[in-house]
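Here is the structure we will look at.
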Amino acid sequence: MKQEICSLYLLKAIGAIAVVLIHTTIGNNGDILHTIANNIGAVSIFFAITGYFLYSSDDAIICSRLLKTARKVIPVLLTALIVYQVLVGPSQLPSFTWENKMFYFKWFILCDAPNATPLWYLGSLVWGCLFLYLFIRAFGSKYTIALIPLILLTFAVDEHNWMYFFKSHPNWLGNPITSSIPMIPLGMLLHRYEAQLLTRTNYLWWSIGLIISMLALKYLSIDDLWLAYMPRFSPWTLIPIIAPIIFLLCALQYKHIRVDNSLTFLREFGISIS
């Protein structure tokens with residue numbers, strides 16, 4: 001049975017709010033909310049939390065959970081893709097020919113249908129689970145750690161998770177190679193070494209420091225100074241990679257926090273800094 005960890009649900013809720021802010025005018029006007037929401041790595045947090053709950057010391061159980069997750073998501077994904085397209089209308093679909101193969105690859109494989117781009121997350125989750133199932137069956141879960149560096153391919157492409165067979169294109173959003181495939185194993189790894197990691201430091205301070213760093217980059221023009229010396233490497237590329245790790249570890253340090261016992265949380269935080 002999946003362990004109930006209140007703080008992870010709270011973290012997922014914060015991530016969901018961040019995603020909404022990113023895709024609305026409320027949080028898309030360059031203010032503080034947008035700066036934080038756009039750089040906390042919300043979708044990566046979702047994948048890492050999924051990996052955390054999928055972890056088991058038994059590879060057979062992990063494989064079973066991966067397939068179960070894929071089977072649950074596929075009907076929802078296909079239904080959503082069809083509904084989206086029906087609402088948009090058939091006029092948005094080009095003819096089903098070889099010349100339009102990339103359109104349909106993008107639609108069926110990357111799940112980036114016309115006017116349904118947000119569904120890429122579900123598509124990435126499905127392909128990530130299926131790939132990891134085959135990988136673990138072939139090599140074992142202990143070698144999934146080798147997949148985590150795939151997230152660094154974002155450096156070779158651009159500052160977002162846009163990559164189509166190592167070719168950058170602003171419309172190729174949501175591939176699993178730089179999203180679900182590295183981040184789900186990261187969640188598994190954090191679960192595996194949770195006890196050792198949580199005794200080393202207070203990740204709440206790391207989280208606060210990371211948010212302050214985001215705001216400093218934005219409002220003190222540090223990012224402009226950085227890019228003047230290193231124009232091909234933006235600091236905003238690194239933050240969404242680091243942020244999910246820090247925020248997830250922070251949430252795991254306060255597993256039983258609830259909205260209705262925030263005073264207990266404040267007491268624990270006060271003790272931790274005293």
Side-chain angles (χ1 to χ4, degrees), residues 2-3 5 7-20 22-23 37-56 62-63 65-74 76-77 80 109-112 117-136 141 143-155 157 159-163 172-194 197 207 210 237-252:
K2 185 170 71 173
Q3 182 183 4
I5 302 179
S7 59
L8 291 188
Y9 291 117
L10 179 60
L11 182 60
K12 289 172 71 174
I14 294 173
I17 294 172
V19 171
V20 172
I22 292 169
H23 293 283
N38 204 38
N39 291 282
I40 65 172
V43 176
S44 295
I45 288 174
F46 297 153
F47 287 130
I49 291 176
T50 297
Y52 180 89
F53 285 122
L54 288 174
Y55 174 76
S56 172
I62 297 179
C63 288
R65 290 174 177 173
L66 286 166
L67 286 182
K68 182 179 179 180
T69 300
R71 284 197 298 264
K72 287 170 59 178
V73 175
I74 287 174
V76 176
L77 174 61
I109 304 301
L110 298 185
C111 303
D112 184 8
T117 299
L119 295 178
W120 77 263
Y121 167 76
L122 295 178
S124 182
L125 179 60
V126 170
W127 289 112
C129 286
L130 294 177
F131 174 85
L132 289 169
Y133 169 79
L134 295 175
F135 186 93
I136 293 173
S141 62
Y143 292 108
T144 56
I145 189 174
L147 300 172
I148 296 176
L150 287 175
I151 189 67
L152 298 178
L153 287 175
T154 53
F155 290 110
V157 184
E159 62 184 23
H160 300 287
N161 290 343
W162 292 339
M163 190 184 70
W172 292 100
L173 170 66
N175 72 92
I177 300 173
T178 58
S179 54
S180 59
I181 290 177
M183 294 309 297
I184 291 175
L186 177 63
M188 294 181 182
L189 183 70
L190 294 180
H191 193 158
R192 181 178 181 182
Y193 294 105
E194 178 180 356
L197 289 169
S207 302
L210 186 61
T237 309
L238 186 62
I239 289 177
I241 297 175
I242 298 175
I245 302 174
I246 294 177
F247 291 145
L248 182 55
L249 288 171
C250 178
L252 291 173

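Only a predicted model underlies this, so the values are computations on that prediction, with no experimental measurement involved.
For the pair Tyr52 and Glu194, the minimum side-chain heavy-atom distance is below 4.5 Å. Side-chain contact between Leu11 and Ser7: absent, with no pair of heavy atoms (C-beta onward) separated by less than 4.5 Å. By the 4.5 Å heavy-atom criterion applied to side chains, Leu248 and Pro244 are not counted as neighbours.
Residues satisfying the ring-ring contact (aromatic ring centres under 6.0 Å, His included) criterion with Phe47, sequence neighbours excluded, are Tyr121. Annotation: ring-ring contact (aromatic ring centres under 6.0 Å, His included) contacts of Phe135 (sequence neighbours excluded): Phe139. With sequence neighbours excluded, no residue forms a side-chain hydrogen bond (donor to acceptor under 3.5 Å, both in side chains) with Thr144. By the side chain to side chain contact (heavy atoms under 4.5 Å, CB included) test, Leu67 pairs with Arg71, Leu130, Tyr133, sequence neighbours left out. In this structure, the ring-ring contact (aromatic ring centres under 6.0 Å, His included) partners of Tyr55, at least two apart in sequence or on a different chain, are His191. Residues passing the side chain to side chain contact (heavy atoms under 4.5 Å, CB included) test with Leu189 are Ile145, Ile148, Tyr193, sequence neighbours excluded.
In terms of heavy atoms, Gly128 sits closest to Pro176 at N-CB, 4.3 Å. Listed here is the closest heavy atom pair of Ala42 and Gly15: CB-O, 3.5 Å. Considering all non-hydrogen atoms of both residues, Pro182 and Ile177 come closest at CD-O, 3.3 Å. Closest heavy-atom contact between Ile62 and Leu54: CG1-O, 3.6 Å. Nearest heavy-atom pair, Met188 versus Gly51, reported as atom, atom and distance to 0.1 Å: CG-O, 3.3 Å.
The OG atom of Ser180 sits 11.0 Å away from atom CG of Leu122, with the distance rounded to the nearest 0.5 Å. Between Leu66 atom CG and Leu125 atom CG the span is 9.5 Å, to the nearest 0.5 Å. One distance of note links OG of Ser44 with CD1 of Ile49; it measures 11.0 Å at 0.5 Å rounding. Taken from CG in Leu186 to CD1 in Ile245, the straight-line distance is 5.0 Å, to the nearest 0.5 Å.
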Point to revise | Steps toward side chain to side chain contact (heavy atoms under 4.5 Å, CB included) verdict (Leu132, Leu147) | key: CA-CA 10 Å; Leu132 289 169; Leu147 300 172; 3.5 Å; yes
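For the side chain to side chain contact (heavy atoms under 4.5 Å, CB included) test with Phe247, the passing option among Ile45, Ile14, Leu252 is Ile45; the others fail.
For residues 238-250, there are no salt bridge (Lys or Arg N to Asp or Glu O under 4.0 Å) pairs, not counting sequence neighbours.
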